[in-house]
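After the C-alpha cells below, expect a handful of questions from me.
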Amino acid sequence: MKKFLLTTTMLLASMLTFAQVTVPEPEFINNYCILTSDSTFTTLPKESGTIGKHENKTKKLTKWIGGAADVIGAGGVIGAATSGSASGVINGVRIAGGAIGVSSAAGTISNLAGSSGMDVIFKGGHSTYQIEGGHDVRLLIKGEKNDTDPMDTYRIVRFKTSKKERRIQWIEFESSLIGTDETKKAGYVQFEGHKYGNQSYLITIPASELKKGEYGIFFMSIVTASTIPVGTFSVK
C-alpha cells in the first residue's frame, strides 16, 4: 500500500511538472539537460568511464548477484536465466582482460550490456556540475525518437565515491524492479519519465530519492545508440 501511494504521488507530481514546462527540446541528441526553471535548462557534463573488477564491500549485494560473476577468461560471457525475482535478474557477465571505455563505439555497448557484476568507474570524486538538494530534479533528454518507455531506456545511479573516483556496480534488471529495496541499495535511483515534444523525454527524480552524493545518467539502448553518453551531477 505504501509503495502504491508513493508511486501515485510521484505520478501526479510528474504530470503537474509536465504541464508547466515550456522549454524547447535540446538541439542535440543524447545531451542530458537539467531544467533550471520551467523555461530554461543547462547541459550536464558527459563523462567517459571504464569497466573494471567490482570492489566487493557489500555481502548482500554479492548474494543478490547470485554468483554470476565467476571469471571464465577475457571476453567470456556467462549466461544466466532470468526468473522475474531479484535473485534472477542477471542476464550475463562479460569478464574483460582490462578496463574498457564506456563512451566509445557500438562494440562497447555490447560490453556494457554484458557487464553485469562489474564496476563502471569514473575518474575524480565529483562531477563538475553541482546542485543544491531538497528539491526535485528534472532532466530533459533528446533521443532519436521517444516511442519507448524511458524506464527501459535509461538508468539513473548514485555512485559509490572516494577522493579519486566514482563507481557503480553494473546490474541488469527489468525496469519493473526500479524502486525496490534491492535496486535502491545497489545505487539505482527511482524516477518518472514521459514523452516530451517530438523526440525527447522529461524525467523527474523526486527530492526524496536525492541524497547528498554523486549521480550519473546512463543511456541503455543497444539498438539505436552508437555511443553510451553518461551525464553526471552532484547533489550538495
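Residue indices begin at 1 and follow the sequence shown. Note: hydrogens, waters and symmetry copies are ignored here, and every other heavy atom, side chains too, is used. As the structure is a prediction and not an experimental result, all values here were calculated from the model.
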Would you compute the distance between atom OG1 of Thr42 and atom CD1 of Ile131 and round it to the nearest 0.5 angstrom?
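The distance works out to 11.5 Å.
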Between Lys142 and Asn30, is there a side-chain heavy-atom distance shorter than 4.5 Å?
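The answer is no; the side chains never approach within 4.5 Å.
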May I have the step-by-step check of ring-ring contact (aromatic ring centres under 6.0 Å, His included) for Tyr154 and Phe219, ending in yes or no?
CA-CA 5 Å; Tyr154 299 97; Phe219 178 49; 5.6 Å; yes
If we only count heavy atoms from C-beta on, is the Ile156 to Ile205 side-chain gap below 4.5 Å?
yes
4.5 Å side-chain heavy-atom contact, Lys211 and Arg158:
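SC-SC contact between Lys211 and Arg158 confirmed.
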From the list Val230, Leu44, Thr232, Leu139, side-chain contact (heavy atoms from CB on, under 4.5 Å) with Tyr32 holds only for Leu44
Atom pair CD (Gln199) and NZ (Lys145), whose distance is rounded to the nearest 0.5 Å:
11.0 Å
With Lys212 via salt bridge (Lys or Arg N to Asp or Glu O under 4.0 Å) - residues at least two apart
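Lys212 satisfies salt bridge (Lys or Arg N to Asp or Glu O under 4.0 Å) with no residue once adjacent residues are dropped.
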Go through the steps to decide whether Ile203 and Ile141 satisfy the test side-chain contact (heavy atoms from CB on, under 4.5 Å), and finish with yes or no.
CA-CA 8 Å; Ile203 287 174; Ile141 307 171; 3.8 Å; yes
Hey, does Met118 have a side-chain heavy atom less than 4.5 Å from the side chain of His54?
no
Working to the nearest 0.5 Å, report the span between CD1 of Ile34 and CD1 of Ile217.
7.5 Å
Can you list the steps and then say if Glu165 with Glu55 is a side-chain contact (heavy atoms from CB on, under 4.5 Å)?
CA-CA 12 Å; Glu165 63 186 22; Glu55 286 190 356; 4.2 Å; yes
Taking all atoms of both residues into account, what is the closest heavy-atom pair of Pro206 and Phe191, and its distance?
CD-CA, 4.5 Å
Is NZ or CZ of Arg155 both nearer than 6.0 Å to the six-membered ring centre of Phe173 and within 45° of the ring axis?
yes
Are any non-hydrogen side-chain atoms of Val23 and Asp38 less than 4.5 angstrom apart?
no
When you measure from the side chain of Asp119 to the backbone of Arg167, do you find a donor-acceptor pair of N or O atoms at a distance under 3.5 Å?
no
NZ of Lys184 to CG of Leu177: how many Å apart, nearest 0.5 Å?
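With rounding to 0.5 Å, NZ (Lys184) is 13.0 Å from CG (Leu177).
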Rounding to 0.5 Å, atoms NE2 (His135) and CG (Leu210) come to a distance of 8.5 Å
Run Asn146 and Tyr196 through side-chain contact (heavy atoms from CB on, under 4.5 Å) and show every step you take.
CA-CA 8 Å; Asn146 61 357; Tyr196 186 88; 5.7 Å; no
Check Ala207 against Asp136 and note the closest heavy-atom contact, atom names and distance.
N-OD1, 2.8 Å
Minimal heavy-atom distance between Thr43 and Cys33, with the atoms involved, is OG1-SG, 3.8 Å
Any heavy-atom pair between the side chains of Thr148 and Tyr201 that's under 4.5 Å?
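Yes - at least one pair of side-chain heavy atoms lies under 4.5 Å apart.
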Listed partners of Arg166 passing side chain to side chain donor-acceptor pair (under 3.5 Å), at least two apart
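By the side chain to side chain donor-acceptor pair (under 3.5 Å) rule, Arg166 matches Glu47.
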Examine the side chains of Ser234 and Glu214 and answer whether a donor and an acceptor come within less than 3.5 Å of each other.
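Yes, because at least one side-chain N or O of Ser234 sits under 3.5 Å from a partner of the opposite role on Glu214.
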Would you say that Tyr215 contacts Val189 through its side chain, given a criterion of any heavy-atom pair below 4.5 Å between the two side chains?
yes
Val21 vs Leu202 side-chain heavy atoms within contact, under 4.5 Å
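Result yes, sub-4.5 Å side-chain heavy-atom pair found.
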If every non-hydrogen atom of Ile168 is compared with every non-hydrogen atom of Ala186, which pair is closest and at what distance?
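It is CD1-O, 3.3 Å.
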How far apart are the closest heavy atoms of Leu140 and Ser200, and which atoms are they?
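Scanning both residues completely, I find the closest heavy atoms to be CD1-CB, 4.2 Å.
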Could you point out which residue of Thr153, Asp149, Asp152 forms a side chain to side chain donor-acceptor pair (under 3.5 Å) with Ser175?
Asp152
Quick one: pull up NZ in Lys160 and OG in Ser162 and give me the separation to the nearest 0.5 Å.
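Reported value, rounded in 0.5 Å steps: 12.0 Å.
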Has Tyr188 got a side-chain atom pairing as donor or acceptor with Ile171's backbone, closer than 3.5 angstrom?
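Yes: the side chain of Tyr188 pairs with the backbone of Ile171.
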